[in-house]
Amino acid sequence: MTTSVTASNSATAVRRRDSGTRLTFLRAVRAEWIKLASLRSSYVILAIALLGMVGVGMLKAFSVADMAAGFAVYGGPAGAEQEGILKEFGIFAREVPATGIMVAQFLIASLAVIQIGSEYSTRMITTTLTAVPRRMTAVLSKTLVIAAAAFATGILGALISYAVAQPILQPQGLGYALTADGVVPSILNAAVFLALIAVLGLGIGAVLRNSAGGIVATLGILMILPIIVAILSGLGDAFKDVGLFLPASAGGDMVAIRTSPGRLTPVQGGLVVLAWAAAAVGGGLASVKYRDA
Amino acid sequence: MIEAFGLTKTYGKRTAVDGVTFTVQPGQVTGFLGPNGAGKTTTMRMILGLDRPTSGRVLVNGRPYARHAAPLTEVGALLDAKSVHPARSAFKHLSVLAATHGIRRSRVEEVMAMTGITETARKRVKGFSLGMGQRLGIAAALLGDPRTVIFDEPVNGLDPEGVQWVRNLAKGLAAEGRTVFLSSHLMSEMAQTADHLIVIGRGRIIADAPVAEILAQGQDRALVRSDQSTQLQAGLAAGGILFRELEPGLLEVSGAEPRKIAWIARECDALIHELTPVRATLEEAFMELTRDDVEYRSAALAGAGEGTR
């Protein structure tokens with residue numbers, strides 16, 4: 001065992017606190033967790049995200065049940081084709097738990113932007129970077145905490161959506177177990193998607209250093225960019241493919257129970273969203289590391 | 001100990017800090033004195049790595065701040081008391097900082113008691129007065145029991161009792177062997193607290209010396225009352241000594257010891273019946289030092305005022 005002698009000035013023989021007192025990544029994560037948990041706004045936004053997720057899941061469940069009911073009353077093509085349509089309803093039903101990411105992503109993204117945007121607006125960032133002067137640690141600990149909160153919200157929201165949807169779907173014979181084909185992966189992917197969207201928001205917030213601007217930019221990417229691309233796709237097929245690589249669309253593909261033709265597979269969708277998140281957090285890291293606090 | 005080597009910070013064309021080199025020694029209170037806008041805060045932010053120097057470098061306790069294993073135990077800093085999320089309570093704010101270093105909860109309570117914020121610690125910081133905010137900032141700085149303390153304008157917003165408390169705190173920390181670096185634009189404040197002064201003006205170090213030495217640099221003057229004022233004036237002028245006549249028979253002589261004045265009076269046969277040495281105050285010494293360096297000269301402002309009249 002080697003003993004490293006720290007260069008200390010002999011004149012500064014100040015009594016030190018216990019030797020366990022030092023900065024570590026896990027401790028920085030814990031501190032960020034306390035930050036998130038000690039603000040009422042965090043709970044409010046996460047609760048709305050959860051409610052939104054369950055609400056949208058319920059609406060989807062009702063619409064699937066309605067379609068199935070209508071189909072039962074009016075009947076349809078017989079034989080193999082009928083079986084195919086019923087199978088289709090089954091897929092719709094199993095997509096219910098993850099549907100809520102459509103709305104939850106906006107709230108999660110906003111919360112993530114605020115996590116760092118508010119530090120700049122309140123100058124808390126000065127305190128944060130004094131306590132955690134290693135910029136990578138400062139940004140990554142924050143990223144990890146908000147991503148974990150988003151992931152947990154996604155899992156919880158999907159599970160509640162599942163539970164709420166069953167009584168709605170069962171009368172149509174569309175009830176299913178959590179273990180049904182594709183359900184668990186879809187729920188996990190929904191949570192991963194929300195976690196990545198949180199990372200995206202945090203990265204954009206770190207670059208723009210402003211909550212309002214960051215939220216506008218992030219929601220712009222999630223909501224407005226798809227609209228613009230949709231309009232442009234009328235001009236040429238080239239833009240149709242561009243649309244596939246937007247995070248909201250790729251997120252939809254991530255949680256799909258069955259990949260539709262011309263869409264991305266869940267893994268491909270996940271990689272697209274991951275790329276967006278990585279680019280944003282990379283920019284955020286550079287901004288925090290190289291620009292003055 | 002803080003060691004700055006050729007520390008420079010420019011913002012576009014403006015040079016906020018211009019190649020400053022200084023050492024802040026442990027065991028004493030070092031005052032960082034300069035008019036507003038002289039570069040004090042920027043220098044302190046560079047010490048903590050919040051701003052990147054354009055050139056030069058600065059070490060705290062032998063290393064760049066960010067390279068320490070336990071930064072909060074090396075440096076405790078109060079830069080801007082408002083660097084707090086207003087919706088969080090003081091206790092939670094301190095808990096966050098403590099968590100980064102695994103500092104025990106008992107220490108959080110200790111610094112809250114030391115700074116007198118225990119009673120308001122559970123309330124949101126939003127409602128804090130300037131003085132309470134300052135106390136919270138000091139509590140945060142002391143949390144890691146740091147070897148070096150950096151306070152930027154610590155007495156701002158404090159009531160007289162709080163000012164006294166900060167002075168004693170700074171002296172007490174220095175007496176324990178810590179490095180204490182305080183900035184202020186108030187000379188009177190530094191005269192009360194500091195042992196050593198680093199004076200900065202327009203981003204440059206103007207003086208770096210013990211307070212006593214800086215005081216000595218200020219020209220000592222003497223008030224001389226004489227019945228033969230005209231003779232005495234001639235004698236002083238012949239000796240190359242500067243003076244001005246404050247009123248008939250009363251001279252203010254600068255740059256000469258009382259003994260020398262008395263000798264001259266004797267030689268030119270002038271009776272003097274008052275010879276009062278006037279010690280330069282730190283205020284005057286400071287004005288003398290920064291005469292050419294004050295960013296916003298009061299004379300210029302006065303001139304502008306006249307112009308609009």
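Computation of the quantities below employed the complete heavy-atom set of this structure, encompassing side-chain atoms and omitting hydrogens, waters and symmetry-equivalent molecules. Chain letters run A, B, ... following the sequence lines, proteins first and then strands; every chain starts at 1.
For Ala87(B), the parts lying near chain A are the backbone and the side chain together; criterion is any non-hydrogen pair under 4.5 Å. Looking at Val84(B), the atoms closer than 4.5 Å to chain A (heavy atoms on both sides) all sit in the backbone: N, CA, C or O. With a threshold of 4.5 angstrom between heavy atoms, Tyr290(A) approaches chain B through its backbone and through its side chain. Using a 4.5 Å cut-off between heavy atoms, His68(B) contacts chain A through its backbone alone, with no side-chain atom that close. Using a 4.5 Å cut-off between heavy atoms, Tyr11(B) contacts chain A through its side chain alone, with no backbone atom that close. No part of Arg67(B) comes within reach of chain A, as not one of its non-hydrogen atoms sits under 4.5 angstrom from that chain. If you measure heavy-atom distances from Leu50(B) to chain A, the contacts under 4.5 Å come from both the backbone and the side chain.
Residues of residues 120-133 of chain A having a heavy atom under 4.5 Å from any heavy atom of chain B, listed by number: Thr122(A), Arg123(A), Met124(A), Thr126(A), Thr127(A), Leu129(A), Thr130(A), Ala131(A), Val132(A), Pro133(A).
No hydrogens or angles considered: nothing links the side chains of Thr100(B) and Arg27(A) as a donor-acceptor pair under 3.5 Å.
Taken to the nearest 0.5 Å, the CD atom of Glu119(A) stands 8.0 Å off from the NE2 atom of His85(B). With values rounded to the nearest 0.5 angstrom, Leu94(B) atom CG is found 11.0 Å from Ile34(A) atom CD1.
Within a 6.0 Å radius of CZ in Arg57(B), no more than 12 heavy atoms belonging to other residues, nucleotides or ligands are found.
Closest non-hydrogen pair, Arg22(A) versus Ala70(B), comes out as CA-CB, 3.6 Å.
The greatest number of non-hydrogen atom pairs below 4.5 Å with chain B, out of Arg40(A), Arg30(A), Glu32(A), is found for Arg40(A). With chain A as partner, the option from Pro64(B), Ala66(B), Gly137(B) having the largest number of non-hydrogen pairs under 4.5 angstrom is Ala66(B).
Lys35(A) is listed as a side-chain neighbour of Arg88(B), based on a closest heavy-atom distance under 4.5 Å.
A salt bridge does not link Asp292(A) to Arg45(B): none of the charged nitrogens lies less than 4.0 Å from a carboxylate oxygen.
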